[in-house]
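Below is one structure, written out as structure tokens; comments come after it.
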Amino acid sequence: MASGAIVSRNPEGTVQIRSRQGTLLNPGFPEVTAAARDLPPVISDGELVIWHAGRLAFERLLRRLNRRPASVAAEVGSSPAHYVVFDLLREGDSHVGRLTYRVSMAAASQRRAREARRP
């Protein structure tokens, strides 16, 4: 199982991870928040996942919610979370969510190529 989330990074570097219902999830997923700080300004739609013991572990995702920082830190150490991007909704000033799947995937591919060339 996975949990749907929208990850956004604004031009100033602020990252927000929100559930599809709008709940702020950053406190429960500090490792995803930190990784997203390296992205260019973007809004993406995807899933938070934790892979544990050879399977996706939804119960471990749930343990991250409404926890104290020390409890979350212990979970990060034993079961790190990952964010799987399914759709790029906005990149910089461009709304790509209204584009066709093929064009949206091409934009994501171009972004990955630019990122791979960064020192």
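Residue numbers run from 1 in the order of the sequence given.
- Contact detail for P11 and P41: the closest heavy-atom pair is CA-CG, 3.7 Å.
- Side chain of R63 to main chain of E59: no donor-acceptor pair is present (N/O by atom type, distance under 3.5 Å, no hydrogens or angles).
- Under a 4.0 Å N-O distance rule, the pair R64/E31 qualifies as a salt bridge.
- Side chain of N26 to backbone of V15: a donor-acceptor contact under 3.5 angstrom is found.
- Taking every heavy atom of both residues into account, V85 and S44 meet most closely at CG1-CB, 3.9 Å.
- Within the 4.5 Å cutoff, the side chain of S8 has no heavy atoms near those of the R18 side chain.
- Taking each heavy atom of P30 and V76 in turn, the nearest pair found is CG-CG2, 3.8 Å.
- Under the 4.5 Å side-chain contact rule for hydrophobic residues, L65 and F58 share a cluster.
- Atom CD1 in I17 sits 6.0 Å away from atom CG in L48 (nearest 0.5 Å).
- Minimum interatomic distance between P27 and V72 (heavy atoms only, all atoms of both residues): O-CG1, 3.6 Å.
- A side-chain donor-acceptor contact under 3.5 Å links Y83 to the backbone of A5.
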Practice task
Mind running side chain to side chain contact (heavy atoms under 4.5 Å, CB included) on E47 and F86 for me, showing each step along the way?
Solution key: CA-CA 8 Å; E47 301 284 334; F86 292 131; 2.9 Å; yes
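- With contacts defined as side-chain heavy-atom distances shorter than 4.5 Å, the pair Q16/L24 qualifies.
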- Message: Between S78 and R60, does the side chain to side chain contact (heavy atoms under 4.5 Å, CB included) criterion hold? Intermediate values first, please.
- Response: CA-CA 10 Å; S78 66; R60 289 182 177 263; 4.1 Å; yes
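- Remark: R37 engages no residue in a side chain to side chain donor-acceptor pair (under 3.5 Å) (not counting sequence neighbours).
- Note that the CD atom of E75 and the CZ atom of F29 stand 9.5 Å from one another [nearest 0.5 Å].
- Here the closest heavy-atom approach between residue S19 and residue L25 is recorded as N-CD1, 3.6 Å.
- R9 places a side-chain N or O within donor-acceptor distance of the main-chain N or O of L39, the cut-off being under 3.5 Å.
- Between V32 and A81, the shortest heavy-atom distance links the atoms CG2-O, 3.9 Å.
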Q: Apply the test side chain to side chain contact (heavy atoms under 4.5 Å, CB included) to residues I6 and I43: give CA-CA distance (whole Å), side-chain angles for both, the deciding distance (0.1 Å), then the verdict.
A: CA-CA 7 Å; I6 304 291; I43 300 175; 3.7 Å; yes
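- The pair D45-R20 meets the salt-bridge criterion, since a charged nitrogen lies less than 4.0 angstrom from a carboxylate oxygen.
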